[in-house]
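Only this structure's heavy atoms are used, side chains among them; waters, hydrogens and symmetry mates stay out. A note on names: the letters A, B, ... follow the listed sequences, proteins ahead of strands, and every chain is numbered from 1.
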Amino acid sequence: MKIATYNVNGINGRLSVLLQWLDEAKPDIICLQELKAPNEKFPQKPLRDLGYTALWHAQKSWNGVAILSRVGEIHEVRRGLPGNPDDMQSRYIEAAVAGIVIAGLYLPNGNPRPGPKFDYKLRWFERLIAHAATLMESGHPVILAGDFNVMPTDLDVYKPERWLDDALFAPEVRAAYFELLEQGWTDALRSLHPGEAIYTFWDYFRNAYARNAGLRIDHLLLSPSLTDRLIAAGVDRHVRSWEKTSDHAPVWVDLRNRSKAKR
DNA sequence: ATGCCTAATGCAATTAGA
């Protein structure tokens, strides 16, 4: 079973790229971020024509997350992170699909730092850590997938020294990421490719993709029972070279089917 | 320090992204 995350940077502006990639890669479950469209403008029909049902949590202009599936019903668990009823930004959606709890998230960017946006990022991260702890304690197979807006280590940045003061690489943000991992989550891509520079984002400026001036900020974190099923993980980086493409590339994991002998 | 690019909104220029 292939599960992916993809920050599309505008689902309607990038729809042809999204559909082409889905048709080519045929992932089973996909978490999308940055829909940048109101709920009523979610392109349900073209996705359904490709065999995907969808659940989305969007808002006008900014943010917006969705879960797509072609392997069975999407059972919504929650939309929005608990812990702040005043938070109106559509950045979190959680559903049960094919026996797995899928948490799709779009962590705040946080720039400029310092400032209110950075404070919001840190508070949002704290809420994620608290909620992820309850998911971990549940014992269910869980995957936290999305745009975390964090490069965990120097290896995840083309030029780390230039990013030290940035909200995506600040010490307190990386510390929050590792505090989350310490609950028992496995960073799927890094666990299978230790020591390898792999990026998921290249900005539109300065010919960044051609220079491979990238960042690794999109992550798939697996609970222990899913880590045992992890076969492969990768980035479909060629999608970043397409016309009208997002500044992110899709990231995916391949999981072994549940063993009947063990159940 | 800022622009470089791109999208959404809405029809010009601003906000936001990372």
Handout entry: Residue-phosphate contact under 4.0 Å: A:Asn7 side-chain N/O, B:dA18 OP1/OP2
Key = yes

Exercise for the section: Please state whether the phosphate of B:dA18, meaning OP1 or OP2, lies under 4.0 angstrom from any side-chain nitrogen or oxygen of A:Asn109. Expected result: yes

Handout entry: Partner of A:Glu94 under side chain to side chain contact (heavy atoms under 4.5 Å, CB included), chosen from A:Val142, A:Ile102, A:Leu135, A:Leu55
Key = A:Leu135

Handout entry: Over 12 foreign heavy atoms within 6.0 Å of CG, A:Asn12
Key = yes

Problem - NZ/A:Lys41: more than 12 non-hydrogen atoms of other groups inside 6.0 Å - result: no

Fill in the blank from the handout: Whole-Å distance, A:Tyr209 OH to B:dC5 C1', equals 17 Å

Exercise for the section: Give a yes or no on whether A:Arg162 atom CZ has more than 12 heavy-atom contacts from other residues, nucleotides or ligands under 6.0 Å away. Expected result: no

Problem - Separation of B:dA7 C1' from A:Asp203 CG (nearest whole Å) - result: 15 Å

Handout entry: Phosphate-side-chain proximity, A:Lys117 and B:dG17, N/O vs OP1/OP2 below 4.0 Å
Key = yes

Practice task
Would you indicate which nucleotide in B:dA18, B:dC5, B:dG3 comes nearest to any side-chain atom of A:Phe205?
Solution key: B:dC5

Practice task
For B:dA12 versus B:dA7, give the span between their C1' atoms, rounded off to a whole number of Å.
Solution key: 15 Å

Practice task
Please measure how far the C1' atom in B:dA1 lies from the corresponding atom in B:dC11, and state the result in whole Å.
Solution key: 31 Å

Handout entry: Parallel, tilted or perpendicular: ring planes of A:His131 versus A:Tyr92, cut at 30 and 60 degrees
Key = perpendicular

Completion exercise
Against the side chain of A:Arg14, the closest entry in B:dA7, B:dA8, B:dG17 is B:dA7

Practice task
Starting at atom CD of A:Gln59, determine the distance to atom C1' of B:dA16, rounded to an integer number of angstrom.
Solution key: 12 Å

Practice task
Looking only at side-chain atoms of A:Arg206, point me to the closest of B:dC4, B:dG10, B:dA18.
Solution key: B:dC4

Exercise for the section: Whole angstrom is fine here: how far is it from CG in A:Asp166 over to P in B:dA18? Expected result: 10 Å

Exercise for the section: Using a cut-off of strictly less than 4.0 Å, decide whether A:Tyr106 has a side-chain nitrogen or oxygen near OP1 or OP2 of B:dA18. Expected result: yes

Practice task
Using the closest heavy atom to pick a nucleotide of DNA chain B for each, name whichever of A:Ile217 or A:Leu35 lands nearer the 5' end.
Solution key: A:Leu35

Exercise for the section: Side-chain contact test, heavy atoms from C-beta onward, threshold under 4.5 Å: evaluate it for A:Leu230 versus A:Leu255 and give yes or no. Expected result: yes

Practice task
When you get a sec, tell me which of B:dG17, B:dA18, B:dA16 is the closest nucleotide to the side chain of A:Trp62?
Solution key: B:dA16

Handout entry: For atom CG of A:Leu15 and atom P of B:dA7, their distance in whole Å
Key = 13 Å

Handout entry: Candidates B:dA18, B:dG17, B:dA7 - which lies nearest the side chain of A:Leu168
Key = B:dA18

Handout entry: Whole angstrom value for the distance that separates P of B:dA7 from CG of A:Leu18
Key = 15 Å

Practice task
Indicate whether OP1 or OP2 belonging to B:dA18 is found under 4.0 Å from a side-chain N or O atom of A:Asn149.
Solution key: yes

Problem - A:His248 side-chain N/O to B:dA18 phosphate OP1/OP2 under 4.0 Å - result: yes

Completion exercise
Considering only heavy side-chain atoms of A:Phe201, the closest of B:dT9, B:dG17, B:dA18 is B:dA18

Exercise for the section: Would you classify A:Asp147 as touching base, sugar-phosphate or nothing, given that sugar-phosphate means primed atoms plus P, OP1 and OP2, and contacts are heavy atoms under 4.0 Å? Expected result: sugar-phosphate

Exercise for the section: Let me know the distance between CZ of A:Phe118 and P of B:dG17, rounded to the nearest Å. Expected result: 14 Å

Problem - N/O (side chain, A:Lys244) to phosphate O (OP1/OP2, B:dA7) under 4.0 Å - result: yes

Problem - B:dT6 and B:dG10, which share atom name P, separated by this distance in whole Å - result: 22 Å

Problem - Nucleotide B:dG17, atom P - distance to CH2 of A:Trp163 in whole Å - result: 13 Å

